[in-house]
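Read through the structure below, which is laid out as structure tokens, and then see the notes.
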2 protein chains.
Amino acid sequence: MASERRLGSPEAKNRQVLLDAAEQLMLAEGYAAVTARRVAAQAGLKYQLVHYYFRTMDDLFLALFRQRAEEGRERQALALASSQPLWALWEFSTDPAGTRITMEFMGLANRNEAFKAEIARYAELLRAEQLEALPGILQRYGAAAQAYPPEVLAVLLTSVSRVLVMEQMLGVSLGHAQTRQLVERYLRELEGDRRATGD
Amino acid sequence: MASERRLGSPEAKNRQVLLDAAEQLMLAEGYAAVTARRVAAQAGLKYQLVHYYFRTMDDLFLALFRQRAEEGRERQALALASSQPLWALWEFSTDPAGTRITMEFMGLANRNEAFKAEIARYAELLRAEQLEALPGILQRYGAAAQAYPPEVLAVLLTSVSRVLVMEQMLGVSLGHAQTRQLVERYLRELEGDRRATGD
DNA sequence: GTCTATAATCAGATAGAC
DNA sequence: GTCTATCTGATTATAGAC
């Protein structure tokens, strides 16, 4: 029953090369373009190596997701701990690459239940970690910052940034400038002008 | 040069059967699962028929998109012309099937530039049509409705509904109840309780 | 750790019979 | 309008040589 097949070590250099190549492909052409052959070609390796490091393509996707999700958590933690946490969170959320890859993984979730659960788990974790930090942050900013509960703020921030980025990638921009202005005016009210990020 | 190949009439019944089957597959398993063979199986037809009605699979996707996009436009127009336009727009925007298929088409946009342009065109058209109607609607509701410019309102409404639906499909719900309450309180302030929709 | 070779499956697309 | 037959190429995955 148990698979006898050999599997490469998670620390091997080429394993990471393959993961990076897979991510590039995913960003450029979507998850459906991520085949063992194309990943290997992108990485300059033979495609059988993909199967040496990952039993199945879904294993590769899962490994990539976990790696990037952990990096996202760390970036968000840094943002929340910085001197202008709301500005930093906004910038983190409006990063195009992050949104792009998240959307691709949500597409993958549609065909793999285990995947879906994993992604949901991380999405909820990210929001929960926002919700741990937000009350303290908003408290520092006084009454003006208490207009909306932290839960609402977290959802609004995620929503607006995600859709702005998605539409921008598509080439849609109607109403973006005005919405961006509104958000940034709000951030400026609470945290002042955005300072150079040295966090 | 010009293709001599026969193509079935756009009015044929089985053409529509194939489009519907493709949509079901797309909703259930994502665009990558939409192959000629699987579409035909879902429709109970032979897979060569797919190529009879659509020269390529991309032609099928494009036909499906245009059809559904037009339906979406009509639904939105009805909503905007109804007696509680903001409520109706909110309900239209939080329809899971609509969001789901839009996401799939955005995935497809990533691998086909013509597709991307077409989707962008429709997305912008939908928003533009919202922006034609919104000023008049907000004016009817007096000063309370003028807090945000129509452009911002349109983007916010789209953003929040889209992300709520996406996360709900994934199984994430942190902060959703509070956000929904906020939106619905706002709608109630302007348009009163939601009445049975008989528009 | 990397490669050759191979198996089994599935894909899009077309020609032509009925 | 629908089907059979067929071509061509890509895909995942595995076994085993080096």
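Within the structure, every pair that satisfies the side-chain hydrogen bond (donor to acceptor under 3.5 Å, both in side chains) test and touches residues 152-167 of chain A, not counting sequence neighbours, is listed here: A/E167-A/H176, A/E167-B/R127.
Listed by residue number, A/Y47, A/Q48, A/H51 are the residues of residues 44-51 of chain A with a heavy-atom contact under 4.0 Å to DNA chain D. Within residues 12-41 of chain B, the residues having any heavy atom closer than 4.0 Å to DNA chain D are, in order of number, B/A12, B/N14.
For the pair B/V160/B/W90, a side-chain contact is recorded, criterion being any heavy-atom separation below 4.5 Å from C-beta on. At a threshold of 4.5 Å between non-hydrogen side-chain atoms, the residues B/R15 and B/Y52 do not count as touching.
In the set C/dT14, D/dT2, C/dT2, the nucleotide with an atom closest to the side chain of B/R55 is C/dT14.
Residue-to-nucleotide contacts include a donor-acceptor pair under 3.5 Å from the side chain of A/R6 to the base of C/dT2.
Computed from coordinates, the B/M57 CE to C/dG12 P distance equals 5 Å when rounded to whole Å. For B/E11 and D/dG1, the CD to C1' distance is 14 Å, given to the nearest whole Å. C/dA17 atom C1' lies 15 Å from atom OH of B/Y52, rounded to whole Å. As rounded to whole Å, 14 Å separates atom P of D/dT2 from atom CG of B/L7.
Aromatic ring centres of B/Y186 and B/Y148 lie farther apart than the 6.0 Å criterion allows.
Closest heavy-atom contact between B/L80 and B/E129: CD1-O, 3.7 Å. Nearest heavy-atom pair across A/V165 and A/S93 is CG2-O, 4.4 Å.
Between B/D20 and B/R68 there is a salt bridge, since at least one side-chain N of the basic residue sits less than 4.0 Å from a carboxylate O of the acidic one. Ion pairing between a basic and an acidic side chain is recognised when a charged N comes within 4.0 Å of a carboxylate O; B/R194 and B/E184 show no such pairing.
Heavy atoms of B/Y53 sit under 4.0 angstrom from primed sugar atoms or phosphate atoms, though from no base atom.
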